[in-house]
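Single-structure report; data block below.
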Amino acid sequence: MTHFSEKLTNWYAQNKRDLPWRNTRDPYRIWLSEIILQQTRVDQGTAYYLKFEEAFPTVVDLARADNEKVMKLWQGLGYYSRARNLHTAAKTITDVHKGDFPRSHKQILELKGVGEYTAAAIASFAFGQPYAVVDGNVYRVISRVFGIKTPIDSSQGKKEFNEIAASLLDKKDPGTHNQAIMEFGALYCKPASPDCNSCIFNNVCHAYRNNEVQTLPVKEKKTKIRSRFFNYLVLQKKEQIIIRKRRGNDIWTNLYDFPLIETSSELEEEEFFTSTQWKELSGQLDFKFSKVSPPYKHILSHQHIFAKFWLIEPKGSLKKIAPAASVIVNVSDLTKYAVPRLIERYLQDASLI
Ligand code: ADE
């Protein structure tokens, strides 16, 4: 065992949080927790993990579930491709692997939605195999302690950090070592305000000794943020309302929202009703425009969405104007559908749910 790993795992034994997926070696539960935790904080993720574990105690239960139910349970967690891939992979495990979670690193890596990080986590936590995890926490700890300045989002950086992580790994108990380095990154070596004063590595940490804690790790590219302007058409008549299931490979695939006109800037009322998109969509529609919501801002990792909801009551039947791929539902049934958080906020504000 390396000196680094010994210090780290001793620290972990005394400081680790008691989290539900740490009390199991069931690869299904470990996989589930890792997919949930990929882009989600532990305090938010834990509730979802417990819900999924209860609804689907085995991978076969998850595979056999209706996709609508899986998406509904995932509602609010974001990055919904995780839920779709989780469901697809559960079917692969059930059909191809006969319900037995694969043990080989190669087969684990072939599961939909499982990348290098998740495969290493499952292989080491569930099966004790010597694969080092490299996630955001690990990049941070290694770059700071060892003073590695290669950008973490470059191919050279990935290679270098992977090699260092592998060389530090405790081959006798890789699972505990991997949990420990991530826990250390999450609790001590935090991005903005790490607890350097009480850190177990502060006497050797390159970044601490050279006042580089704030500049490490180095990233090559700045995340580009795109602004998008959504004009949602809330087509409602008495208790009936039109929603539609999102398709394609934009955000929120398989979730429900409303028919949408996307524009390159925010539109005021007059601009909206004279826009070509509205004219094309509404055709000869006879309608009553009730009101427009204030703008809603919804922040995603690479997009800022500015949404307005245009409440429109058609004079004729909803059926005639329902755009392709949309469905007419009763307002009282809206809670049954998985919707993005943005839509949920609007539905709550409009007292529709
Ligand atoms: N983040 C990702 N995986 C984790 C785990 N197993 N425990 C705590 N936080 C995590």
Side-chain angles (χ1 to χ4, degrees), residues 5 8-54 56 59 62 74 76-83 85-86 89 101 103 105 108-109 111-145 152-153 158 161-162 165-166 168-170 173-195 199-200 217 301:
S5 184
L8 184 70
T9 49
N10 282 338
W11 170 87
Y12 179 67
Q14 294 181 2
N15 294 280
K16 68 175 173 183
R17 291 169 291 180
D18 183 19
L19 302 172
W21 50 86
R22 288 188 173 156
N23 303 320
T24 181
R25 298 206 98 179
D26 175 1
Y28 163 63
R29 285 177 164 71
I30 287 165
W31 167 60
L32 176 63
S33 72
E34 291 303 334
I35 299 297
I36 289 174
L37 294 169
Q38 267 169 18
Q39 277 121 335
T40 302
R41 285 169 295 105
V42 165
D43 47 354
Q44 190 193 13
T46 303
Y48 282 83
Y49 171 81
L50 296 172
K51 273 200 303 188
F52 267 79
E53 188 187 42
E54 188 179 349
F56 314 117
V59 68
L62 175 59
W74 198 271
L77 255 192
Y79 301 95
Y80 294 90
S81 60
R82 291 184 291 169
N85 292 338
L86 189 79
F101 207 100
R103 292 181 70 93
H105 179 262
I108 297 171
L109 199 51
L111 296 171
K112 189 110 184 180
V114 172
E116 291 290 348
Y117 162 77
T118 312
I122 299 168
S124 64
F125 300 164
F127 304 123
Q129 296 171 14
Y131 292 90
V133 295
V134 183
D135 74 342
N137 293 306
V138 177
Y139 278 120
R140 207 163 51 250
V141 172
I142 290 178
S143 72
R144 285 175 175 167
V145 173
I152 60 172
D153 54 347
K158 288 196 178 106
F161 281 90
N162 272 308
L168 295 169
L169 187 67
D170 173 16
D173 188 354
T176 303
H177 171 100
N178 280 337
Q179 291 274 12
I181 192 166
M182 288 198 291
E183 189 77 338
F184 184 74
L187 298 184
Y188 267 78
C189 199
K190 293 176 285 188
S193 46
D195 294 336
C199 173
I200 50 168
S301 59

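All values below were derived from every heavy atom in this structure, side-chain atoms included, with hydrogens, water molecules and symmetry-related copies excluded. The structure displayed is predicted, hence computed values, not measured ones. Counting starts at 1 for both ligands and their atoms, in listed order.
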N or O pair under 3.5 Å between Trp21 and ligand 1 | yes
Nearest protein heavy-atom contact for atom 10 (C) of ligand 1: which residue, which atom, what distance?
-> Leu37 CD1, 3.7 Å
Purely on distance, is any nitrogen or oxygen of Glu34 under 3.5 Å from one on ligand 1?
-> yes
Applying a 4.0 Å heavy-atom criterion (strictly less than), which segment of Asn137 is in contact with ligand 1: side chain, backbone, both, or neither?
-> neither
To the nearest 0.5 Å, atom CG of Leu169 lies from atom CD1 of Ile181 at 9.0 Å
Do any heavy atoms of Gln38 fall under 4.0 Å from ligand 1?
-> no
Parallel, tilted or perpendicular, as decided by the 30° and 60° cut-offs, for the rings of Tyr188 and Phe184 | parallel
Take the angle between the ring planes of Tyr139 and Phe161 and call it parallel below 30°, perpendicular above 60°, tilted in between.
-> perpendicular
Report yes or no: do His177 and Thr9 form a side-chain donor-acceptor pair below 3.5 Å?
-> no
Can you find an N or O of Tyr117 that's nearer than 3.5 Å to an N or O of ligand 1?
-> yes
Glu34 with Arg29: basic N within carboxylate O range, under 4.0 Å = no
Write out the residue and atom name of the closest protein heavy atom to atom 9 (N) of ligand 1, then the distance separating them to 0.1 Å.
-> Val42 CG2, 3.6 Å
Would Thr40 and Arg82 count as having a side-chain donor-acceptor pair, cut-off 3.5 Å?
-> yes
Can you tell me the protein heavy atom closest to atom 8 (C) of ligand 1 and the distance?
-> Arg22 NH2, 3.5 Å
